[in-house]
Student: 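Just passing along the structure, written as structure tokens.
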Amino acid sequence: MKVLGLETSCDETGLAIFDSEQINNDNQGLVGQVLYSQIELHALYGGVVPELASRDHIRKLVPLLNELLEQCDISKNDIDAIAYTKGPGLIGALMTGALFGRSLAYGLDIPAIGIHHMEGHLLAPLMGANPPAFPFVSLLVSGGHTLLIAAHGVGQYEILGESIDDAAGECFDKVAKMLGLPYPGGPNVAKLAEAGNPDAYALPRPMLHRGLDFSFSGMKTAVHNLIKDTAGSDSDPHIRADIAASFQYAVVDTLVKKCVKALKQAGMSRLVIAGGVSANIHLREMLEAELAKINATVHYAPPALCTDNGAMIAYAGFERLQAGQSDDLAVSCIPRWPM
Ligand code: KG4
Ligand code: ZN
């Protein structure tokens with residue numbers, strides 16, 4: 001089954017073809033993908049402008065589909081089903097992909113299915129080589145979510161903990177702004193942190209000893225005060241690097257300790273990390289080291305499948321269709337959609 005995946009929930013237009021008959025190839029069934037990032041467009045405003053995002057998705061969807069079909073050397077008539085991101089995300093941006101996908105499926109007389117964006121992230125690591133088996137604990141860390149989930153199977157997700165305020169990625173983005181780094185913040189903070197000392201400043205680890213929920217807004221305020229005290233945003237580059245490294249360490253340390261706690265609580269030995277922040281090298285290294293101590297393993301997708309992309313939506317669509325699900329002709333997107 002060849003599934004076309006469409007991701008348009010925010011500022012990336014991602015399209016991909018997943019073919020279940022090619023699961024054993026080098027790319028685990030992913031026969032092709034194209035990704036267009038609107039980063040440059042939104043960088044001018046320091047964050048995503050929803051209306052501009054929708055307009056850009058509309059502009060890019062048809063040319064990207066043609067490029068993808070050419071890359072995969074197939075015609076649109078070879079597609080067996082279409083999966084599109086139904087939510088959560090920016091409503092206008094979601095509607096572009098959903099309407100495009102649903103209409104194309106109607107025209108081709110094939111099934112279509114709307115996918116939860118975070119389920120796409122959650123399942124993406126299963127597309128890698130040696131995919132982890134269910135059950136596992138999943139840490140979903142993106143610009144909009146920080147979730148700890150016990151995943152018992154496809155569609156069987158039990159939420160163990162979540163952020164009560166800002167998401168981890170959002171916190172990275174806000175701290176980047178405070179440090180005068182360009183959008184998107186996460187990778188830029190991580191880069192600056194490479195030159196800094198993670199022990200330079202002691203930042204809080206919010207809610208560390210209270211269950212499995214997270215809170216990152218206090219961390220943001222602490223960094224804000226630190227920057228004010230050290231005049232770090234526009235002075236010594238070493239101070240800025242030390243602030244970035246201390247901040248990154250505080251977030252990563254908090255995430256890692258909660259993951260260890262979640263694995264113990266769920267009685268599981270596999271951790272899967274997904275979402276944009278899971279591309280963070282410091283997080284990966286620290287998880288590998290700490291989980292080895294409790295005989296648990298950590299699994300993640302290749303970096304290109306950690307941030308938003310069409311492949312994860314195609315794969316999640318395949319799994320859902322395989323389970324006999326599909327959506328009717330009505331197109332309904334859900335901008336705020338709990339997992
Ligand atoms: O999953 P994603 O691409 O989009 C959402 O669904 O939100 O995640 C984007 C988030 C942004 O907040 C970005 O700053 C963060 O992931 N991010 C990172 C890194 N790469 C992306 N945060 C920390 N370190 C990174 N290397
Ligand atoms: Zn995402």
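Worth saying up front: this structure is predicted, and the values here are computed from it rather than measured. As a basis for the values below, the full set of heavy atoms in this structure was taken, side chains included, without hydrogen atoms, waters or symmetry mates. As the structure lists them, so they are numbered: ligands from 1, and atoms in each ligand from 1.
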Student: Applying a 4.0 Å heavy-atom criterion (strictly less than), which segment of Glu12 is in contact with ligand 1: side chain, backbone, both, or neither?
Tutor: neither
Student: If you count the atoms of ligand 1 from 1 in the order shown, which ones are under 4.0 Å from a heavy atom of Thr307?
Tutor: 3 (O)
Student: Using a 6.0 Å cut-off, check whether atom CZ of Arg55 has over 12 heavy atoms from anything other than its own residue.
Tutor: no
Student: Would you indicate whether Gln325, at its atom CD, is surrounded by more than 12 heavy atoms from other residues, nucleotides or ligands within a distance under 6.0 Å?
Tutor: yes
Student: If the cut-off is 4.0 Å to any non-hydrogen atom of Gly144, which atoms of ligand 1 fall inside it?
Tutor: 7 (O)
Student: Report the C-alpha distance between Phe172 and Asn280 in whole Å, list the side-chain angles of each, state the deciding distance to 0.1 Å, and finish with yes or no for side chain to side chain contact (heavy atoms under 4.5 Å, CB included).
Tutor: CA-CA 11 Å; Phe172 263 94; Asn280 187 279; 4.0 Å; yes
Student: Identify whether Met286 and Leu140 are in the same connected component of the hydrophobic contact network (ILVMFWY, side-chain heavy atoms under 4.5 Å).
Tutor: no
Student: Which one holds for His121 and ligand 1: side chain close, backbone close, both close, or neither close, with close meaning a heavy atom under 4.0 Å?
Tutor: side chain
Student: Can you tell me which residue and heavy atom of the protein come closest to atom 23 (C) of ligand 1, and the distance to 0.1 Å?
Tutor: Asn280 ND2, 3.6 Å
Student: Between Tyr183 and Tyr45, does the ring centre distance come in under 6.0 Å?
Tutor: no
Student: Under 4.0 Å from a heavy atom of His117: give me the atoms of ligand 1 that qualify, with their elements.
Tutor: 6 (O)
Student: For the Zn ion (ligand 2), find the closest N/O/S atom belonging to Asp308 and write down its atom name.
Tutor: OD1
Student: Short check: any N/O/S atom of Cys10 below 2.8 Å from the Zn ion (ligand 2)?
Tutor: no
Student: If you check every N/O/S atom of His117, which is the one nearest the Zn ion (ligand 2)?
Tutor: NE2
Student: For ligand 1 and Gly276, I'd like to know whether there is a polar contact (N/O to N/O, distance under 3.5 Å).
Tutor: yes
Student: Would you find more than 12 non-hydrogen atoms of other residues, nucleotides or ligands less than 6.0 Å from Asn225 atom CG?
Tutor: yes
Student: Please name the pair of heavy atoms, one in Gly211 and one in Lys261, separated by the smallest distance, quoted to 0.1 Å.
Tutor: O-NZ, 3.5 Å
Student: Among protein heavy atoms, which lies nearest atom 22 (N) of ligand 1, and at what distance?
Tutor: Gly186 CA, 3.4 Å
Student: State plainly whether one hydrophobic cluster holds both Ile159 and Val260, where clusters connect Ile, Leu, Val, Met, Phe, Trp and Tyr through side-chain heavy atoms under 4.5 angstrom apart.
Tutor: no
Student: Under 4.0 Å, heavy-atom basis, I'd like to know which part of Asp173 is in contact with ligand 1: side chain, backbone, both or neither.
Tutor: side chain
Student: Considering only N, O or S atoms, which atom of His121 is nearest to the Zn ion (ligand 2)?
Tutor: NE2
Student: Pick whichever of Ala124, Gly143, Gly169, Pro88 has a heavy atom sitting closest to atom 7 (O) of ligand 1.
Tutor: Gly143
Student: Just jot down the ring pair (Phe, Tyr, Trp, His ring centres under 6.0 Å) partners of His117, sequence neighbours excluded, or say none.
Tutor: His121
Student: Check this for me, if you would: do Asp56 and Lys60 make a salt bridge, where the nitrogen-to-carboxylate-oxygen distance has to be below 4.0 angstrom?
Tutor: no
Student: Taking 4.0 angstrom as the limit and counting only heavy atoms of Asp308, give me the atoms of ligand 1 inside it, by number and element.
Tutor: 1 (O), 2 (P), 3 (O), 4 (O), 5 (C), 6 (O)
